[in-house]
Amino acid sequence: MQFTLYEYSISYSAAMSVFLIFILTLLVSLLCKRRMQFLRYFETIPGPSAIPILGNALQLTGSQAEFFKLVRQYAEKYKNMFVLWIGQRPFVFLNKAEVIQPLLNSSVHIEKSLEYKLLDPFLGTGLVTSAGQKWHSQRKLLTPVFHYNMLENYLHTVLKESEVLVQQLQKEVDHPFNIVPYMKLAAMDIICELTLGYQLHSQINANLEYVHAIEDLMAIAQRRFITPWLKPNFLFNCTPYAARQKKCLDIVNTFSTKIIEKKKEEYQNSQKNKVALDVNSNILQKKKGKVFLDLLLELSENGSILTDDDIREEVNTFIFAGHDTTSITVSWSLYLLGFHPEAQEKILKELNEKIPDFGSSSLKTSDIGSLEYLECCIKEVLRLYPPVPLIARHITSPLETMNQIIPPGTSALINVYSLHRDPQNFPNPSEFIPERFSAGQSVEKNPFCYIPFSAGPRNCIGQKLAIQSVKIILANIIKNYKIKTMQKEKDLRLISEVVLTNEGGINITIEKR
Ligand code: HEM
């Protein structure tokens, strides 16, 4: 029997259609099976109803501000925890201290969520993104870099750059303006000098290729966070974002590699006359004037412990982790203090009494430590506007919390924003009351009710440095300017980007003292 060409093409198309339907059915049933496996664990976790395949994706198609608002509303409605399905992936949001404690206290659940992989091109396996044994040894190795004794070294850089900031702000006296871009540049200058020992002067020359490249890398990662189809590398690589990312990485890595090589040469020359570093001794106390890169080179033991690539990844990690967090903390602090002239006067009084010669070269870490009221204000700012409002973990083995098992494969999101506004721990939670953090006030609370720097083994390694830096910058601004805020809190459109910010910026007005 002979087929005509026409009959042949009909039977070919029919066979193809059957094959495609078969593949599609197989795919759908596999996805459903995967979801069913998860579902039995999630029967007792509340959340908005989800449909098969898409999950809650259709409810989450609004803007970033709408998404974050929804997360806050669900936290209020469902209390302890709730689940959202994005496609086949369950995201469990944990909103209360008791629920969060077993996760953050654990030495097992230390793996970051899959979204952090999007930072790999920039951070590699630096301290923020690494996992398992690698993270354990890095953390142990890098802890001395952030030791209390090292803070003295970092103080004068922060002071110097905060003075440049105060001068730059003169352009904005007496009218409302967005403080965030100013703070970003100031924080970039500070972190670059502390990390690489390089004076970037981006506050004076905002048009630097390196600064734009870092900003663009963050923006591209952020876009991928919120755009599901940009997550797979094979799709991302077909977009113009991939080319831009490559260009930015070249700029950032060429810049840091040059500095690393120069410092390495200096270090090797200086080594000829020196004893080797004993990491466990107090020798870091004597590292006057050293920056993170000097210490990393010392710790590297000529590449046997940290290779040049490892060092570059840690340098990028410190710049990533330290600059936006610090800048947004100062921005939110000025925003909130703008509603509270009485708090500004108290900060100034304390500063004049405790450090009358603030700004002089004799400033010490202990002087900054003595500014207790200022610290209470900063802690209250970090409560109300935590720079990292969602902390994400990938669950790799069953996690038990409040009699609930969260299965492997889940992304657990610690909802720091809602946690910090729990009225059980913070009466009148929306009000700015720095005195909550005065000595003796927080004794009875669950220690996991306030975690701006996270908690447990993967907490922020730079928190002491961050608090000291924010104190110096704020003290200098308040010494020179009175702050006023007209932008009402109810009108904010909060978004959880890399850090918590407001869509359209954070506006304040400053007046010369
Ligand atoms: C106010 C400023 C800051 C805040 C609120 C903050 C907050 C945090 C939080 C919440 C985490 C945990 C993130 C997670 O688990 O996903 C973290 C980790 C980290 N932070 Fe900070 N941070 C600040 C400043 C800094 C600074 C100045 C540096 C260093 C220069 C730094 C370096 C790091 C590093 C390296 C990690 C990863 C630690 C690890 O996984 O072992 N941070 N930070």
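When a residue number appears, it is its place in the shown sequence, counting from 1. Just follow the structure's listing: the first ligand is 1, and inside any ligand the first atom is 1. Only this structure's heavy atoms are used, side chains among them; waters, hydrogens and symmetry mates stay out.
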Query raised in the report: Quick one: does Gln463 get a heavy atom under 4.0 Å from ligand 1?
Result: no

Report task. Please check if atom NZ in Lys69 has more than 12 non-hydrogen atoms from other residues, nucleotides or ligands closer than 6.0 Å. Result -> no

Report summary line: atom 32 (C) of ligand 1 sits nearest the protein heavy atom Ala321 CB, 3.5 Å

Requested in this report: Identify, for atom 37 (C) of ligand 1, the protein heavy atom at the shortest distance, and state residue, atom and that distance.
Outcome: Val128 CG2, 3.6 Å

Report task. Taking the side chain as every heavy atom from C-beta outward, state whether Arg139 and Ser130 have any atom pair closer than 4.5 Å. Result -> no

**Report entry** Contact atoms of ligand 1, heavy-atom distance to Ser454 under 4.0 Å
**Finding:** 10 (C), 12 (C)

Report task. Decide yes or no on salt bridge (charged side-chain N to carboxylate O under 4.0 Å, His left out) for Glu380 and Arg383, but give the supporting numbers first. Result -> CA-CA 5 Å; Glu380 181 67 338; Arg383 181 184 72 80; 2.7 Å; yes

Query raised in the report: Using the benzene-type ring in the case of Trp, are the ring centres of Phe432 and Tyr335 under 6.0 Å apart?
Result: no

Report summary line: Filtering His323, Arg393, Glu314 for the heavy atom nearest atom 15 (O) of ligand 1 leaves Arg393

Requested in this report: Compare Gln138, Arg139, Lys464, His136 and give the one whose heavy atom is closest to atom 38 (C) of ligand 1.
Outcome: Arg139

Query - Those atoms of ligand 1 less than 4.0 Å from some heavy atom in Val388 - result: 7 (C), 10 (C)

Requested in this report: Could you walk me through whether Asp367 and Lys354 pass the salt bridge (charged side-chain N to carboxylate O under 4.0 Å, His left out) test, one step at a time?
Outcome: CA-CA 7 Å; Asp367 295 330; Lys354 300 224 169 122; over 6 Å; no

**Report entry** Aromatic plane relationship, Phe236 with Tyr241 - under 30° parallel, 30 to 60° tilted, over 60° perpendicular
**Finding:** parallel

Query raised in the report: Can you tell me the protein heavy atom closest to atom 29 (C) of ligand 1 and the distance?
Result: Phe146 CE2, 3.7 Å

Query raised in the report: Hey, looking at atom 24 (C) of ligand 1, which of Thr325, Leu123, Thr329 has the closest heavy atom?
Result: Thr325

Report task. Compute whether any side-chain donor of one residue and acceptor of the other, for Thr307 and Asp310, lie under 3.5 angstrom apart. Result -> yes

Query raised in the report: Please state which protein non-hydrogen atom is closest to atom 40 (O) of ligand 1 and give its distance, to 0.1 Å?
Result: Arg458 NE, 2.8 Å

Query raised in the report: With a cut-off of 4.0 Å, which atoms of ligand 1 are near a heavy atom of Ile391?
Result: 10 (C), 14 (C), 15 (O), 16 (O)

**Report entry** Sub-4.0 Å atoms of ligand 1 with respect to non-hydrogen atoms of Asn459
**Finding:** 38 (C)

Query raised in the report: How far is atom 6 (C) of ligand 1 from its nearest protein heavy atom, and which residue and atom name does that atom have?
Result: Phe453 CD2, 3.6 Å

Query raised in the report: Quick one: do the Arg421 and Asn415 side chains pair a donor with an acceptor below 3.5 Å?
Result: no

Report summary line: If you scan protein heavy atoms around atom 35 (C) of ligand 1, the nearest is Ile461 CG2, 3.6 Å

Report task. Find out whether Gln167 and Gln203 are in side-chain contact, i.e. whether some heavy atom of one side chain is under 4.5 Å from a heavy atom of the other. Result -> no

Query raised in the report: With no hydrogens and no angle check, do the side chains of Gln64 and Glu503 hold a donor and an acceptor under 3.5 Å apart?
Result: no

**Report entry** Per-atom contacts, ligand 1 versus Tyr116 - under 4.0 Å to a heavy atom
**Finding:** 14 (C), 16 (O)

Query raised in the report: For ligand 1, which atoms sit closer than 4.0 Å to a heavy atom of Lys112?
Result: 14 (C), 15 (O), 16 (O), 40 (O)

Report task. Please report which non-hydrogen protein atom sits nearest to atom 26 (C) of ligand 1, along with the residue it belongs to and the distance in Å to one decimal place. Result -> Gly322 CA, 3.5 Å

Report task. Of all the heavy-atom pairs spanning Ile495 and Ala65, show the shortest one and how long it is. Result -> CG2-N, 3.3 Å

Query raised in the report: Would Tyr417 and Phe93 count as a ring pair (Phe, Tyr, Trp, His ring centres under 6.0 Å) if you check the C-alpha gap in whole Å, the side-chain angles of each, and the deciding distance to 0.1 Å?
Result: CA-CA 11 Å; Tyr417 183 93; Phe93 288 74; over 10 Å; no

Report task. Kindly identify the option in Gly462, Ser469, Pro452 whose heavy atom sits closest to atom 7 (C) of ligand 1. Result -> Pro452

Report summary line: Heavy-atom proximity to atom 20 (N) of ligand 1 ranks first, among Ser113, Ala392, Cys460, for Cys460

Query raised in the report: Looking at Ile472 and Ser162, what are the two nearest heavy atoms and their distance?
Result: CG2-OG, 4.1 Å

Report task. Mark up the atoms of ligand 1 that fall under 4.0 Å of a heavy atom belonging to Ala466, in ascending order. Result -> 1 (C), 2 (C), 24 (C)

Report summary line: Ile191 heavy atoms within 4.0 Å reach ligand 1 at atoms 30 (C)

